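The next block holds one structure in the form of structure tokens; read it before the comments.
These numbers were taken from a predicted model, which means no experiment stands behind them. Letters A, B, ... mirror the listed sequences (proteins, then strands); counts begin at 1.
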Amino acid sequence: MDFSLNEEQRHWQSEARKFATEVLRPASVARDQIEGGFEPWNWDIIEAGSKLGFRTLAVPKEWGGPGADFVSQAIVMAELAKGDSAMSKAFSQNWKWSHLISVACSNDQKERFLKPFLADHRYVMGRGITEPNAGSDNRMPPEDDPKAGYRVRATQDGKDWVLNGEKCFIANGSVGSLFFVDARSNPDVNIKLGGTLFMVPKGTPGFRIGKVFNKRGWRFYQNAELIFENCRLPAANIVGEVGTGSVKAGKGDTTGGDIFGDLELAANALGVCDDAVEMAMTYARTAKRAGKVLMEHQLVQLRIHEMHMLTEALRSYVLRTAWQHDAGEHSANAGFVMNYSTDIIQRVTRLNMQVHGAEGCLMNSRADKLVRDAMVWTHLAGDTVQRVKILKRLK
Amino acid sequence: MDFSLNEEQRHWQSEARKFATEVLRPASVARDQIEGGFEPWNWDIIEAGSKLGFRTLAVPKEWGGPGADFVSQAIVMAELAKGDSAMSKAFSQNWKWSHLISVACSNDQKERFLKPFLADHRYVMGRGITEPNAGSDNRMPPEDDPKAGYRVRATQDGKDWVLNGEKCFIANGSVGSLFFVDARSNPDVNIKLGGTLFMVPKGTPGFRIGKVFNKRGWRFYQNAELIFENCRLPAANIVGEVGTGSVKAGKGDTTGGDIFGDLELAANALGVCDDAVEMAMTYARTAKRAGKVLMEHQLVQLRIHEMHMLTEALRSYVLRTAWQHDAGEHSANAGFVMNYSTDIIQRVTRLNMQVHGAEGCLMNSRADKLVRDAMVWTHLAGDTVQRVKILKRLK
Amino acid sequence: MFDLTLTPEQLEMRDTLRDFAQREMKAAAIHPDRLQPFEKPVMTDLLAKAAQLGIRTLALSEDAGGAGADNLTTCIVLEELATGEVDIATILGTTAALGRTLFDTLMSAEQKARYVKAFVDDDNYHLAFAGTTAEAGSGWTYHRDAYDDGVVVPTAAKQGSDWVINGRVEAVSNAPLAKLFAVQVRTGAGSKGMKGLSTFLIPRDTAGLKVLDTIKAFGGPDNSLTRWHHGTAAAIELKDCKVPAANLLGKEGACPFADGKLLARNSVAMAAVSLGVGRASYEAAVDYAQMRRQGGRNIMEHQAIGTKIADCTIKLELSRNMVWKAAWALDHPEAVADRSLSELPLHVIARVASAEAVHEVTLLAAECFGAMGVMRDMPLQKYVNDGFIFAHAEDSDGAAKLAIAESVAGFQRKAA
Amino acid sequence: MFDLTLTPEQLEMRDTLRDFAQREMKAAAIHPDRLQPFEKPVMTDLLAKAAQLGIRTLALSEDAGGAGADNLTTCIVLEELATGEVDIATILGTTAALGRTLFDTLMSAEQKARYVKAFVDDDNYHLAFAGTTAEAGSGWTYHRDAYDDGVVVPTAAKQGSDWVINGRVEAVSNAPLAKLFAVQVRTGAGSKGMKGLSTFLIPRDTAGLKVLDTIKAFGGPDNSLTRWHHGTAAAIELKDCKVPAANLLGKEGACPFADGKLLARNSVAMAAVSLGVGRASYEAAVDYAQMRRQGGRNIMEHQAIGTKIADCTIKLELSRNMVWKAAWALDHPEAVADRSLSELPLHVIARVASAEAVHEVTLLAAECFGAMGVMRDMPLQKYVNDGFIFAHAEDSDGAAKLAIAESVAGFQRKAA
């Protein structure tokens with residue numbers, strides 16, 4: 001057993017730490033305080049990080065990407081998230097789709113989509129699954145209701161397919177150049193049999209962005225509606241086969257969990273927790289109550305103790321899971337560590353807020369921001385449906 | 001980074017698993033149900049395990065022991081604890097003292113104590129720190145009260161030292177052949193300056209065992225009073241120097257935490273959690289409520305999900321910490337993972353009890369036993385004094 | 001008019017019982033010789049003494065010879081009693097609640113005439129209900145219709161003017177002591193679920209009724225099961241047990257206990273008993289924290305211990321409010337009608353909330369004691385165990401919460 | 001005699017306010033256009049409308065022209081109001097509580113004659129207290145004597161029959177709206193801690209009194225601080241502010257607010273406001289769970305959601321019991337004397353327990369909404385934020401618990 005990082009992993013760690021400290025963190029609270037759904041976004045930050053390889057980190061070397069392993073990916077996400085959780089996610093969100101392209105797409109598709117992705121520092125991607133009436137039903141389709149789940153309709157018309165319907169809460173929706181869209185090629189059977197995965201580039205006629213959502217947390221990170229009105233796509237934009245369901249089409253599951261998506265949220269949470277621990281320690285060593293610095297009060301000692309303890313537990317679990325991915329070891333840990341990170345990020349950011357306490361009628365803006373960012377995990381990474389679903393991965 | 005076990009680690013894992021399954025587990029509940037403080041103890045089990053190397057596991061190879069590394073030690077403790085937590089502790093309790101001997105004792109002392117320890121399958125050891133009025137004060141002596149902490153008196157008389165006083169709650173008290181006893185060679189200064197560590201073999205005149213404690217959990221594991229009435233010891237039985245305090249005398253702390261003691265409890269807890277998860281899964285797949293097996297009820301799914309998730313987080317943290325010990329990496333993780341294991345073992349064993357539920361007026365005896373065993377962690381591994389103390393290890 | 005004043009009678013009873021619990025019960029209950037062994041036989045002398053204080057017939061109407069105490073008074077009394085010893089409080093609470101239900105609510109005048117005098121006169125006369133209700137474990141059928149296969153009760157067949165009963169009921173509370181049983185049986189051949197159930201009054205000395213061994217510390221194959229209840233319990237066996245039709249309680253096929261509503265009184269009583277255990281552990285911790293010195297001061301003066309004590313204080317305070325509210329509500333259904341109280345199942349909330357709170361309080365209290373919290377000659381470990389039993393009962397655990405959620409949703413279950 | 005019946009007047013007020021909150025306040029309060037921006041100015045038209053319903057003068061005695069409502073009634077009203085909008089409930093609750101304290105308890109007849117008519121007649125007349133109390137943050141000095149360096153207040157110097165006040169008070173609740181301030185100042189030169197403090201009545205239009213900008217969403221250097229309170233607040237600045245000696249409230253050097261007891265009324269009122277927020281989020285979740293279909297059924301019918309709803313139900317029920325008890329206790333000190341109530345600081349317990357409960361309830365409620373729980377055009381994220389503010393106030397957090405522990409231990413702090 002050996003927990004030490006290899007040279008490449010250490011390289012990515014120090015690059016990410018530097019970028020997070022110098023670029024992300026200084027912009028973090030300021031962008032969080034910009035009103036609106038789209039407005040907190042900033043292309044310059046994306047471009048700067050892209051130039052350092054953070055946008056394309058997961059693209060295999062044979063396709064011209066950095067081809068970082070999962071341990072490096074986890075480390076980079078955590079380091080970037082310590083600067084700003086939402087900005088970290090804006091980079092890593094691309095990794096799973098570049099991974100999907102390299103694993104599941106035809107060479108023609110790779111030429112058409114992976115190459116431009118690599119070439120353009122502002123090319124980001126997203127995936128459209130959720131719809132107003134299909135949230136958890138996409139994750140865990142009820143056995144007794146074949147019509148449950150996404151309803152965006154894909155109809156064949158000659159050699160083309162025509163999409164109609166709406167997706168909501170789609171990450172990178174307002175800024176993406178390419179979307180993987182789950183649509184129902186056969187509405188009469190369940191989504192595992194009637195679902196097909198399409199690649200929809202920005203600018204395709206009949207495809208437009210609807211409402212951009214204004215969120216309480218992760219304000220930098222974009223989230224929007226996708227609207228399809230007779231959006232026509234060539235059959236060449238289908239990932240895998242028609243009607244194989246999206247997981248199968250994406251050749252998603254080779255290590256017992258989602259290859260990457262679950263680990264992503266856990267690693268990001270780790271960075272937020274690191275940030276919170278550091279904030280709490282710094283504050284507790286200077287601010288005073290009743291004539292003693294906070295760090296001398298047992299109340300505060302116990303809070304910081306818990307923050308540190310939980311953060312180290314999460315770090316251990318994240319790194320072990322990343323290694324399991326790299327080793328191709330079968331395990332359900334990716335899902336479990338994602339759920340776990342939900343509990344930990346929320347507890348740790350709340351303890352950080354408690355350590356800071358209210359100063360009169362005001363609260364430290366970053367302590368408040370971390371709590372709001374952490375709330376996003378509730379539905380992305382740790383709702384009860386996800387927990388039940390992940391339990392089912394156990395043998 | 002590499003989490004895989006090497007050949008030696010795998011060897012110890014499979015040996016321990018076999019012994020736990022074939023010997024410990026079948027005896028576990030039966031011995032737990034024997035009345036009395038001493039009576040649940042069984043020498044045959046100790047002897048059988050000793051023959052497989054579990055009593056002497058930590059003794060370095062140069063002194064004729066197996067010299068297993070910390071990762072192996074953690075794995076063995078967890079595997080044995082899955083069979084029976086108290087029995088596992090009865091073995092591992094010896095490791096830290098054999099470690100102490102090999103690190104801090106003179107060659108003469110090694111000859112006199114390490115050799116008989118290796119030779120006799122029934123030779124077990126303990127350490128006497130706690131006294132009726134000195135519990136947490138030994139761990140964290142109050143700065144403003146130099147008299148706080150243990151009070152057993154050591155008075156010099158010619159070349160000998162004479163001990164007087166009482167220790168309580170001493171592990172292996174009723175069965176030990178050798179005890180490391182913390183005594184006050186100078187009662188007027190604090191224990192870091194006035195404390196001296198003595199080796200007291202069973203049978204030393206003036207040394208006897210008092211009350212054997214009858215515990216709610218860990219019933220197999222022994223706990224007793226040690227009574228010193230003009231107990232005369234040669235100066236050759238002093239560990240290190242007079243008046244260096246016991247931690248320093250024991251050369252205890254080279255990795256930022258106790259070398260071994262803290263990890264020990266965390267690894268043991270991991271075994272108990274593994275046991276609980278397996279019990280809960282097995283039960284939930286067969287027992288029914290309202291016509292459905294428990295595993296089909298979300299109530300139960302969420303409980304088992306949490307049990308599994310927390311257990312894997314603990315495993316990750318235990319293994320990482322064990323590796324850090326082996327790598328000589330400075331870290332406070334040993335203490336933190338010990339505290340963490342307190343929270344996890346209690347939560348997981350309670351969830352297991354909840355999964356089992358009351359069957360009429362009866363509860364599964366093993367589910368009940370695990371909860372009782374877990375309660376021991378409260379004061380051994382996770383009270384608030386320990387947490388505050390361990391926080392102070394952070395730089 | 002909202003008013004939290006207790007009557008002088010309530011205050012006096014509380015004082016009397018507090019005094020009795022502290023002076024007479026506690027020393028015996030937490031004596032190391034009693035705490036250490038696994039078996040803890042009921043302390044029958046103390047049980048009788050408590051009965052002599054009128055607790056057994058506390059809730060029985062004054063007309064019938066009891067004290068006619070309302071549910072709130074009963075809760076106040078049981079909490080105090082339970083600070084002394086939980087099994088005695090449970091046994092008396094069960095008899096007191098059943099006494100009111102059986103004699104004052106369910107029996108015909110003729111039945112009452114036959115049994116009430118002996119009940120009132122005999123300090124050792126206890127009552128037991130052997131049966132099941134639709135409420136038991138209903139949470140598991142959350143938002144589904146009742147599942148009927150689980151309802152297995154003894155069967156009764158008519159023979160002339162008698163009924164002949166056969167079957168067995170497991171784990172009947174108070175059975176080892178009870179002189180009169182209310183036994184739920186199936187009279188409707190072919191009926192299922194809660195339909196077709198009837199209840200018979202069966203005196204202990206009835207031929208064919210056998211009370212089996214009291215449930216011991218360990219049982220099951222290889223002692224694989226551990227006693228997990230308060231009070232005392234045993235299975236009863238009915239073999240061609242002949243009971244006159246006159247002993248039918250209410251109408252045939254309409255067991256008055258079936259819907260569980262009559263047992264709400266018992267839920268609240270058990271919630272009050274749990275409060276007593278929580279308080280005993282809390283008071284022990286407060287005393288100890290003000291005496292034990294470490295870190296240069298009494299440990300109470302450390303923030304970490306102060307926080308635990310405060311958490312206990314809050315939890316007990318909130319639980320008692322809830323238990324008393326639920327108790328008062330049982331006697332005042334008109335307060336729901338006039339919207340002073342909500343329509344929630346307050347007795348379930350009280351039972352669940354107090355069980356969770358007391359469980360946590362006993363754990364926090366034990367933490368204050370360090371290693372002494374797990375030694376068998378000290379009471380803390382027993383309080384902790386008692387707390388676990390409260391928290392992990394079928395009517396105080398996750399499934400019980402689902403019953404609350406069903407009520408919020410206005411869900412009405414079709415009876416099976 | 002223990003009785004949980006509400007009076008017809010209490011029920012009627014509850015209905016009136018519930019109706020007002022649902023029909024008039026809610027639509028405006030949770031309109032996406034209000035929810036999305038960071039700044040949420042006080043909805044002054046609704047504030048005035050609520051004032052017209054008599055809430056502002058609710059607790060003021062009838063003699064003085066108010067409704068003379070007791071604390072329980074005030075809590076019932078504020079909870080309902082807060083289900084509609086939390087800032088309005090906070091502002092009105094603050095004014096109502098201070099109204100009773102200032103006019104009915106502290107002012108001399110002469111002072112009352114000067115100010116009460118304007119207060120009663122003017123729907124936009126609010127009150128503010130600018131000062132500190134020994135209770136504030138006392139937990140941090142747990143089991144130690146009071147630490148005095150923290151007490152910094154404006155100073156007052158005698159000048160003829162006037163006092164000249166200089167200084168600044170941060171974050172005064174209601175300051176942006178208040179027409180009359182009760183300002184704590186140090187009159188005793190050289191005095192320390194809570195000794196030598198006096199309180200003056202200072203009308204808003206007094207020369208030298210300046211109310212600074214209302215606290216905005218962001219503040220501090222680089223906007224490093226975020227608004228973290230309910231209601232509305234601002235700093236006040238006093239520059240050579242001349243106040244006649246006749247405006248001294250009570251005796252010089254004996255500030256009636258110093259020990260914090262007078263503000264218990266306000267603690268309980270704020271606890272009631274927190275309940276309203278918890279209920280608003282809970283009711284939203286119940287409605288949504290009965291409408292949203294996933295997994296082939298309304299999500300309410302899934303055990304996981306049912307458990308969350310039940311937990312919310314239990315927490316709110318327990319909190320409300322506690323708040324009402326504390327409210328009633330404030331009006332009935334005799335119930336402590338006759339031992340119906342314990343001597344615990346019930347208002348602190350109510351504040352802490354309801355803050356924690358409401359915090360948890362808002363989080364559970366938001367979980368039922370999935371992604372919609374974090375969208376700014378939906379009310380859930382605001383309820384969650386409101387819940388955080390309640391839970392992380394100085395008087396509802398860890399330090400407040402230590403005040404409870406001190407009371408359990410019977411610790412008496414020497415005032416600094």
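Using a 4.5 Å cut-off between heavy atoms, C/Phe369 does not touch chain B at all. In this structure, no portion of C/Lys401 lies under 4.5 Å from any heavy atom of chain B.
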Self-check item: Test log, rule side chain to side chain contact (heavy atoms under 4.5 Å, CB included), inputs B/Val388 and C/Gln303
Solution: CA-CA 11 Å; B/Val388 167; C/Gln303 291 180 354; over 6 Å; no
Practice problem: Evaluate side chain to side chain contact (heavy atoms under 4.5 Å, CB included) for B/Leu362 paired with C/Ile215, printing each intermediate quantity in order. | Solution: CA-CA 9 Å; B/Leu362 296 162; C/Ile215 292 176; 3.8 Å; yes
Self-check item: Derivation of the side chain to side chain contact (heavy atoms under 4.5 Å, CB included) call for C/Asp397 and B/Leu299
Solution: CA-CA 10 Å; C/Asp397 203 354; B/Leu299 267 187; over 6 Å; no
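When side chains are defined from C-beta on, B/Val300 counts as touching C/Trp140, because their heavy atoms get closer than 4.5 Å. C/Val374 has its side chain out of reach of B/Arg372: every pair of non-hydrogen atoms, C-beta onward, lies at least 4.5 Å apart. At a threshold of 4.5 Å between non-hydrogen side-chain atoms, the residues B/Phe169 and C/Met372 count as touching.
In this structure, C/His302 has no ring-ring contact (aromatic ring centres under 6.0 Å, His included) partners at least two apart in sequence or on a different chain.
Of the listed residues (B/Lys288, B/Arg303, B/Arg387), the greatest number of heavy-atom pairs within a distance under 4.5 Å of chain C belongs to B/Arg303.
If you check the side chains of C/Ser224 and B/Ser365, you find no donor sitting under 3.5 Å from an acceptor.
Residues of residues 228-237 of chain C lying within less than 4.5 angstrom of chain B, judged on heavy atoms, are C/Trp228, C/His229, C/Ala233 in numerical order.
Taking the charged nitrogens against the carboxylate oxygens, B/Asp145 and C/Arg293 have no contact shorter than 4.0 Å, which rules out a salt bridge.
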